Number of protein chains: 2
Amino acid sequence: MNDHNAPDSLLKLDLQVCFALYSTNLAMTKVYRRLLRELGLTYPQYLVMMVLWEEDGQTVSEIGERLFLDSATLTPLLKRLEGMGLLSRRRAADDERRVRVQLTDPGRDLRIRAEAIPEAVACASQCQPEELMALKDQLHALRRKLNG
Amino acid sequence: MNDHNAPDSLLKLDLQVCFALYSTNLAMTKVYRRLLRELGLTYPQYLVMMVLWEEDGQTVSEIGERLFLDSATLTPLLKRLEGMGLLSRRRAADDERRVRVQLTDPGRDLRIRAEAIPEAVACASQCQPEELMALKDQLHALRRKLNG
DNA sequence: TGATATTAAGTAGCGCGCGATTTAATATCG
DNA sequence: CGATATTAAATCGCGCGCTACTTAATATCA
């Protein structure tokens with residue numbers, strides 16, 4: 001009868017939404033993994049590079065606020081990117097608790113090669129831009145409610 | 001101008017959708033983590049239990065098809081659930097390559113306590129059922145395209 | 001039947017993502 | 001100034017999720 005307000009229906013519906021989120025995220029990550037392999041990056045590493053390409057020299061906390069990740073996740077990840085020679089980590093002179101993350105020349109240069117990625121993902125999604133934008137807005141709204 | 005077909009706009013839009021998916025999934029997992037802690041389950045473990053509550057005695061592959069996970073992920077996870085006494089793993093008599101997963105009495109009983117979870121998550125999401133259903137359908141459509 | 005191919009599950013190793021804790025630097029306040 | 005609180009980053013341990021590989025059982029077919 002399509003009674004979305006019946007408790008049972010609501011509970012199952014919710015379950016499906018969360019699993020849809022979970023499994024679609026897995027599928028998305030798989031697509032990125034294939035595309036990012038030639039850049040030698042994982043998806044979270046790619047996100048960090050995006051944040052730095054947008055604004056270089058951010059602290060670990062600032063990067064974490066953009067990506068909703070904390071230092072327990074970011075510190076090892078940044079060390080790997082540093083090991084690849086894509087960035088450098090240095091304590092800030094004015095506040096030695098903070099670590100500023102600076103792109104190296106290879107790190108900046110990688111942006112050119114990375115610019116082909118979004119188009120390839122969009123192609124793999126086979127969605128209209130309008131659909132993707134609508135989905136993005138709904139996800140942002142849900143994220144805000146879940147985080148708040 | 002709102003020109004979604006301009007290459008630059010399309011690329012950025014796609015990026016935002018994927019990150020929205022990624023970060024909303026993180027937020028969703030955090031909500032579940034808090035709720036599932038009292039059951040002693042992680043979200044993927046909870047998903048496996050859901051699959052078995054729906055149909056007991058499935059093989060590792062069958063569970064994997066439902067959840068889009070393979071044996072490299074499921075075998076260790078199932079061993080942990082077995083270690084908790086929630087299920088048992090046994091080679092199938094008719095085809096000894098397959099492992100059938102059976103709920104134990106405690107595993108079946110856990111369902112009662114788990115039934116409060118979806119409502120709590122729905123409450124945390126603060127969304128109308130219609131919104132969640134629409135989001136679910138869009139995610140399923142995207143997942144199908146990404147996987148196919 | 002016997003050789004080969006396929007299938008199901010398991011293992012090893014790596015990179016997240018996070019709760020809990022630690023270390024060190026800065027801020028606050030008596 | 002000195003004691004305490006707060007903050008930023010790092011560390012530790014665990015559970016995914018995956019690629020690549022291994023092992024064992026079944027299927028296929030000459």
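The analysis underlying the following values was restricted to heavy atoms, covering all of them including side chains, and did not include hydrogens, waters or symmetry mates. A quick note: this is a predicted structure, and the numbers were derived from the prediction, not measured. Below, read A as the first sequence line, B as the second, and so on, with proteins coming before strands; counting in each chain starts at 1.
Checking each of Leu86(A), Asp56(A), Leu81(A) against Leu103(A) for a side-chain contact (heavy atoms from CB on, under 4.5 Å) leaves exactly one that passes, namely Asp56(A).
For the pair Met28(A) CE and dC16(C) P, the interatomic distance rounds to 14 Å; values are reported in whole Å. Here dG17(D) presents its C1' atom at 16 Å from CG of Leu36(A), a figure rounded to the nearest Å. Residue Leu77(A) contributes atom CG, which lies 8 Å from atom C1' of dC16(C) at whole-angstrom precision. With rounding to whole Å, Glu62(B) atom CD is found 14 Å from dT7(C) atom C1'. Taking atom CD1 on Ile63(B) and atom P on dA8(C), their separation rounds to 14 Å, with Å as the unit. Straight-line distance from the CG atom of Asp70(B) to the P atom of dC16(D): 14 Å, rounded to whole Å. For the pair Tyr32(B) OH and dG17(C) C1', the computed distance is 18 Å after rounding to whole Å. Distance, Met84(A) CE to dG15(C) C1': 10 Å, rounded to whole Å.
Residues Ser125(B) and Leu132(B) share a closest heavy-atom pair of OG-CD1, 4.1 Å. Here the closest heavy-atom approach between residue Ile117(B) and residue Leu36(B) is recorded as CD1-CD2, 4.0 Å. Across all non-hydrogen atoms, the minimal contact from Met49(A) to Gly107(A) is CE-O, 3.6 Å.
Arg89(A) comes within contact range of the sugar-phosphate backbone alone, with a heavy-atom separation under 4.0 Å but no base atom that close. Using a 4.0 Å heavy-atom distance criterion, Thr59(A) is classed as a sugar-phosphate-only contact. Leu74(B) comes within 4.0 angstrom of no nucleic acid atom, judged by non-hydrogen atoms across all strands.
Arg100(A) contributes no side-chain N or O that, together with a main-chain N or O of Arg91(A), makes up a donor-acceptor pair within less than 3.5 Å.
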Q) Would Arg143(A) and Ser23(B) satisfy side chain to side chain donor-acceptor pair (under 3.5 Å), going step by step from the backbone distance to the final call? A) CA-CA 7 Å; Arg143(A) 188 185 65 201; Ser23(B) 55; 2.7 Å; yes
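Using cut-offs of 30° and 60° for the angle between ring planes, the Tyr32(A) and Tyr43(A) rings count as tilted. Below 30°, between 30° and 60°, or above 60°: for Tyr46(A) and Trp53(A) the angle between ring planes is above 60°, a perpendicular geometry.
Contact annotation: side chain of Ser71(A) to base of dA10(D), donor-acceptor pair present below 3.5 Å.
Within residues 38-55 of chain A, no residue is approached by DNA chain D to less than 4.0 Å at the level of any non-hydrogen atom.
Residue whose closest nucleotide on DNA chain D sits further toward the 5' end, between Leu69(B) and Asp94(B): Leu69(B). Of the residues near DNA chain C, Val60(B) and Phe68(A), the one whose nearest nucleotide (by heavy atom distance) lies more toward the 5' end is Val60(B). Heavy-atom nearest nucleotides on DNA chain D were determined for Leu78(A) and for Glu96(B), and the one closer to the 5' end corresponds to Leu78(A).
For the pair Lys79(B) and dC16(D), the criterion of a side-chain N or O lying under 4.0 Å from OP1 or OP2 is not met. Within the structure, every side-chain polar atom (N or O) of Tyr22(B) is placed at least 4.0 Å from both OP1 and OP2 of dC16(C). In this structure, Arg80(B) reaches the dC16(D) phosphate: one of its side-chain N or O atoms is under 4.0 Å from OP1 or OP2. Between dG19(C) and Arg33(B), a contact under 4.0 Å exists linking OP1 or OP2 to a side-chain N or O. For dA10(D), the OP1/OP2 oxygens have a side-chain nitrogen or oxygen of Thr75(A) closer than 4.0 Å. Using a 4.0 Å cut-off, no side-chain N or O of Arg34(B) falls inside it from OP1 or OP2 of dG19(C).
Of the candidates dA25(C), dA9(D), dG10(C), dA9(D) carries the atom nearest the Ser61(A) side chain, counting heavy atoms from C-beta on. Checking dC18(D), dA20(D), dA25(D) against every side-chain atom of Thr73(B), the shortest atom distance belongs to dC18(D). Counting only heavy atoms from C-beta on, Arg91(B) has its side chain closest to dA9(C) among dT26(D), dA9(C), dT26(C). Comparing dC12(D), dT26(C), dA9(C) by their closest approach to the side chain of Ala72(A) singles out dC12(D).
A salt bridge links Glu54(A) with Arg66(A): at least one charged nitrogen is closer than 4.0 Å to a carboxylate oxygen.
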